[in-house]
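Have a look at the structure below before the remarks.
First the proteins, then the strands, lettered A, B, ... as listed; each starts at 1. Just so we're clear, the structure is a prediction, and the values are computed from it rather than from any experiment.
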Amino acid sequence: MHVSTDADDLRALLAGPPITYYCGFDPTAPSLHLGNLVQLLLMRRLQLAGHRPLGLVGGSTGLIGDPRPTAERTLNTRETVAEWVGYLQAQVSKFLSFEGENAARLVNNLDWTAPLSAIDFLRDIGKHFRVGTMLKKDAVSARLNSDEGISYTEFSYQILQGLDFRQLYLDYGCVLQTGGSDQWGNLTSGVDLVRRAEGASVHAIGTPLITNSDGRKFGKSEGNAVWLDESLTSPYAMYQFWLNTDDADVVDRLKVFTFLSRAEIEALARLVADEPYRRTAQRTLALEVTTLVHGRGPALAAIAAADALFGQGELAELSAETLASAIRSLPSIVAPGSLTVAQALVETELVASLGEARRAIAQGGVYLNNVKVGDDEVTVGAHALPGGFAILRRGKKTLAGVTIS
RNA sequence: GGCAAGUUACCCAAGCGGCCAAAGGGAUCUGACUGUAAAUCAGACGUUUUCAACUUCGGGGGUUCGAAUCCCUCACUUGCCA
């Protein structure tokens, strides 16, 4: 937690009696992803500290789209956005408690934005915004300086988000907004609006962007986002993602993504230094985060599956039951035994095309039941495992299951 | 509204009539080495059953034996002028 509007003021506020705070999530996809997890956990930490969370899902801001530095967004239909709002609300709810003194509350900015007429918007809200200030926001100026430009729609985004803060201030006495530092311009837009329109001083916390030590983007596995929805990213995949965390990053991740105590994290940090090959820190991290997102049961199942599938042992020696449960945590298909490995790779989406499947096999990167596949004529039924299963592997750690019909 | 420049594969970016499925870089994938790590080295990277064929260079139309490359037109973007 780095940036803030008035650090001392805020510190005093957080140490005092419970305050109400909010954090918003825009429905730009059917699920939140790991990047959002930072925010969800921050909300949870603040709630644990006794403060009252407002979880906002942006039914209206999602229709507009906040300006990305690179390119204009494609608008989604109202129906799609409304559907996604539902999904995100469910996800946000999982991280908050709706019981007790400081019970959380879900809000949707469409509720107060939709009834607003263009005239009211321009007269009541627009007057508080200076174009010069708006132009200086990083998100906007980056786009203005690019050859992409920016539409009026996205330019206006910051006003809508500012409007949210004011509304929540008025309705719930909300005095703090949290968000990623890439949202800083939008956060301050709300702080400014509340000061101008209501003469009140409210705060914003921006969390630093999570980056990998090698400069690659955090939260992407094989170039794809790691989603919180288990149908988009399985608990198994989630566990694997964290297990593969760099030594250089793992301690930092533990601090941000787990609720372990300082002492526990320091102990793990020593283990990284002393016996990195055990990857105790990575295992702990993977278990902790997978549990936070999916719950204890699925997290343990992911570990069991990994042990079964990754172990040096013979897959054929595993029981049909173990295999069945391991396969449940993998992307899998049901197919006849006569299906070739190459086709199976395509159907399980381990590769994008048949050509790519052949290439992978030719490169020696494909395994059927832990045995390297020599040519693309091999069928998945060739060496079926107990229970009529087959495990496909691409490279070292991308797996899929086949149930032979 | 006028003038100019631009729109190339996941991203950036060359190419300006045949030698272009299209240079280069990044991202990604695979192999070797390892700890299911990093770094490094090697290979792959439009689709399909191959050295063979097919579909691509903003959309549509045209010139040509032949076009990503020339012409027309539409759309979008940027800059300057109004």
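The base of B:U77 has none of its N or O atoms less than 3.5 Å from a complementary donor or acceptor on the side chain of A:E148.
For B:G31, the OP1/OP2 oxygens have no side-chain nitrogen or oxygen of A:K396 closer than 4.0 Å.
Atom name P, nucleotides B:A13 and B:C19: the rounded distance is 25 Å, in whole Å. Separating the C1' atom of B:G35 from that of B:U8 is a span of 43 Å, rounded to the nearest Å. B:G1 and B:C65 have their P atoms separated by 39 Å, with the value rounded to a whole Å.
Taking for each of A:Y277 and A:L144 the nucleotide of RNA chain B with the nearest heavy atom, the 5'-most of the two is the partner of A:Y277.
Using a cut-off of 4.0 Å between Lys/Arg side-chain N and Asp/Glu carboxylate O, A:R11 and A:D8 are scored as salt-bridged. Electrostatic pairing of A:E154 and A:R68 does not count as a salt bridge here, judged by no charged N lying under 4.0 Å from a carboxylate O.
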When every nucleotide of nucleotides 42-50 of chain B is labelled 5' to 3' by its protein contacts under 4.0 Å (heavy atoms), B for base, S for sugar-phosphate only, - for none, what sequence of letters results? -BSS-SSS-
Could you run down nucleotides 9-14 of chain B 5' to 3' and tag each one B, S or - for protein heavy-atom contact under 4.0 Å? ------
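Remark: A:R73 fails to qualify as a cation-pi partner of A:Y157 under the 6.0 Å distance and 45° angle criteria applied to the six-membered ring. Figure legend: A:R393 and A:Y367 shown as a cation-pi pair, the cationic atom lying under 6.0 angstrom from the six-membered ring centre and within 45 degrees of its axis.
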Yes or no on side-chain contact (heavy atoms from CB on, under 4.5 Å) for A:V107 and A:Y22, after CA distance, side-chain angles and deciding distance? CA-CA 9 Å; A:V107 292; A:Y22 99 94; 5.8 Å; no
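Among the nucleotides B:U36, B:G31, B:U30, the one closest to the side chain of A:Y367 is B:G31.
Near-neighbour residues of RNA chain B inside residues 279-294 of chain A, defined by a heavy atom below 4.0 Å, number-ordered: A:R279, A:Q282.
With hydrogens and angles disregarded, a donor-acceptor distance shorter than 3.5 Å links the side chain of A:D229 to the backbone of A:S231. A donor-acceptor pair under 3.5 Å links the side-chain atoms of A:K94 to the main chain of A:V293, judged by distance alone.
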